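Everything numeric in this text was worked out from a predicted model, so none of it was measured. Chain letters run A, B, ... following the sequence lines, proteins first, then strands; residues in each count from 1.
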Amino acid sequence: MVGGLNSDLGATRVLAGGPAVSRAWDQDEAGLFVEELFARHHGEIYAYLIRMLRDPELAADLTQDSFVKAYRAYDSLEKPENARAWLYQIAHRVALDHIRRGKIVRFLPWTGESRGASPSAEHLVMETRLSGDLQRALDRIPERQRAALLLAELHDLTGLELAAALGVSHVAARALLTRARESLRQALAVERAAEAEPQLTARSGDKS
Amino acid sequence: MSLLGGRGGRSDDWSTQHLRARARAAERLDAPLAADEAAWLDDHLAGCSECAETAADYATQRLELRALGERTPQPPRDLWARTAVAIEQEAHHRSLGSRGQPRRSVLAPYALLASALVVAVIVGTLTSSQRLPSVTATPGASHQIAATTPGASAGPTPLIVPGKEVDYLSVDRDGKFHLVTTKVSEVCTKEAGTCATTQPSEVKTIGPLSSPETVFGSGNAPLVVLGNGQNGSSVFVVALPDKTESPSSTPEPTRSATPVVSATPSPSVSAATPTSTESPTSATQSPAIASPTPTFETASPSVGPSASPITAGAVEIARGIEVVNTTAAYAPDGSAFAFTARPSDGSHGPDIYLWKVGDAQAAPITTDHRSVFGSWAGSTIVGSTVLTSADGQTNKPAAFLISPDRTSIGLPQTGLAWRPVVEPKQGSAVYWTGTLEPTPDGLGWRTVAGKLVLGRWNAGGDISAGPSATPLSGNQTVERAETTIAAGPLADWDVRWDETGTRLAVWIADAGDPTVGKLSLYVVDPFDGRIDLTNPPLSQEPALAGFSITNGRLAWAAPAGTTDKTSRVQILAWTNDGFGQVQTAPGDVLLVR
């Protein structure tokens, strides 16, 4: 157990707006704080990451990373009441960082067919759960726009919280969200058109 | 196209009123509009069916999005346990950073090691190497390792580091090589002062090895010895003596009629030299070795009647070559050894060579004559080649991955990367990035303008995993979060990770004499992969080329200094409680790996 993380008192006071979070990094205080933060928010952070990345195992890993980074950056949180948005900001950066890293290196098969990796059963379950044209459309839009939509609609972040989580100004966050809605609308149209095409083809085949 | 047309979103700035309406319709989902703007929007939607449809779409997709929230995925039950452990490790990491100051070497500024000979081998480690400036036995010098003086007092509170073992080779004046084992049980922190010198626990003679220059080992795999001969380098392997056979004695080597197999590489395989490479990272570009049709040929072995005399257990696996640079390594599983070499007759430039344990010979696995070995990424070899621009004026490096059986090759989207050394988890790598130029003899490549950096690498590493390579979309330094370790052209360097990927040792050759240089050890942040350059546990320590790092300890040979006329093996070890250092007694013969 991390030093002090098994306490159930101090961190609660901190998050409830008791004594302001000290700017000096204190190991025990940071541990208590993150433990409480985890208890309150780990479910929604995991849900956000799984919606962003669509990989349960990866989402769990990155949730863990997010809380460790929160522990490390404990002294950067100035107002305890902003802890949730601050945590989302960390998770958001972790997610984007992972996505960006995944784009850095791609491989070109030289001979033979690409083996590929069989999706895990867990992955298949998630695919089913989050499948559908909406999820596919979400995957098509830029990551930052996707994050804005998820945070606003599924995680109920308010305007200022959304701005803090995305690390942009309130105006910029609003503009991003507006662009995201339009991007999603267009992406949904594409997905639904593609979905309708085979059905139309099948129907015309029935008639002939 | 942005929905927010105009400059500032003022109502008179919209390129069309329809765009304004759609933007306002989206915004109204998130916050109420000003009364006049809301009234304008309602009026517009009443008269524009298309905009009204769009507004309805926004509202509908919002409901669909929120419906997704009804199916909240449940995190794994052990998530807190995992996170708590990670935070605990982070806490230790921070503690080390604040109090784990290394003890600086007691060696004074060094001079060249003129008379020493040896190299060592760290048995049971994954990576190690040692290159000596020369291997010239000093008349009158005797094997000193076993005669070290039982040290002075250990000083206060040494750091206990159980299970740290260092093996190395030494050679005496008679040319006999000895495998020396030193067990390190404690080291001294900076606060504790100087420890007693560590004592050899076992010494075994393994037979004369003419002119060894570099030695590599891996677990119980044979030692690979790279050495200089009259006709260029020789590469031979030596089976490790069984440690359980005899105690600390120096038996005479048993000569036997072990067949000597020499390999004469035949690297004259047809392969186009890469040219016209405006974009080295383009998916359509590939190093010459990646010819669509594999054209690799196996080196033609020849039993050489004129082969150098080699004693029992030593088998020559390649000759007639020049080993290029210090980077060579066993695969993580010890099944094969890769290095870079070119023909000693100067017929062409370097290729990557591979020796599989048990094979009679090493063989080149690339054929473009401009490829060099970088590291292993799991069971895959990471190399780099040189891409020349169409006008022939610019030479840039490009990394590639190749399977040991040469059946597949991958092009990581690396941008400019020369000799990448990939960390065990394959999330980052150290590589030189910049431009290259041919060496004066035209047979190799040297760095020109650029830097040695730590940057992101691929986390997967399966060379068959992806469908295509895509170019970096932006600035490489930013895209790969590169941290500069050393800037400018470098004569040579050697980079090695420990098994955990949390310690990174970097040796950079001196410009005037690439056989000696400076060694640093960095702590790698396990979460973001970055290193702290400002406070490394070991900083710019004088060291002979080659060193060994494994989980918990780093060993290297410090060159002879002004106070010590001979060099010593230095061992830096660490635990969760900090760093500490210990050294062997000075001796004419030294080594490390």
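A:L154 approaches B:R66 most closely through the heavy-atom pair CD2-CA, 3.9 Å. Between B:L65 and A:L134, the closest heavy-atom pair is N-CD2, 3.8 Å. Shown here for B:L79 and A:A60, the closest heavy-atom pair between the two residues is CD1-O, 3.5 Å. Nearest heavy atom pair, residue A:R174 against residue B:L33, reads NH2-CD2, 4.0 Å. Contact record, A:V68 with B:A86: CG2-CB, 3.6 Å, taken as the closest heavy-atom pair.
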Legend entry - Candidate pair B:D525 and A:K69, rule salt bridge (charged side-chain N to carboxylate O under 4.0 Å, His left out), full reasoning: CA-CA 11 Å; B:D525 188 308; A:K69 286 180 184 292; 5.9 Å; no
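Rounded to the nearest 0.5 angstrom, A:E153 CD and B:D30 CG are separated by 6.5 Å. Between atom CZ of residue B:R82 and atom CG of residue A:D61 there is a gap of 5.0 Å, rounded to the nearest 0.5 Å.
Surrounding CZ of B:R28 are more than 12 heavy atoms belonging to other residues, nucleotides or ligands, all under 6.0 Å away. No more than 12 heavy-atom neighbours from other residues, nucleotides or ligands sit within 6.0 angstrom of CZ on A:R144. Counting non-hydrogen atoms of other residues, nucleotides and ligands closer than 6.0 Å to CD of A:Q186 gives a total above 12.
With no hydrogens or angles considered, a side-chain donor-acceptor pair links A:E182 and B:Y58 at under 3.5 Å.
Heavy-atom distances place no part of B:T60 under 4.5 Å from chain A, backbone and side chain included. Both the backbone and the side chain of A:L184 come within contact range of chain B, judged by heavy atoms closer than 4.5 Å. For A:L162, no part lies near chain B; criterion is any non-hydrogen pair under 4.5 Å. Only the side chain of A:F38 comes within contact range of chain B, with at least one heavy atom under 4.5 Å from a heavy atom of that chain.
B:Q61 places a side-chain N or O within 3.5 Å of a backbone atom of A:R181 that can act as its donor or acceptor partner.
With chain A as the partner, the residue from B:A481, B:P76, B:A31, B:A81 showing the most heavy-atom pairs under 4.5 Å is B:P76. Put simply, of A:V94, A:L177, A:L188, A:L149, the one with the most heavy-atom pairs under 4.5 Å next to chain B is A:L177.
Side-chain atoms of B:R456 and A:D97, non-hydrogen and from C-beta on, do get closer than 4.5 Å to each other.
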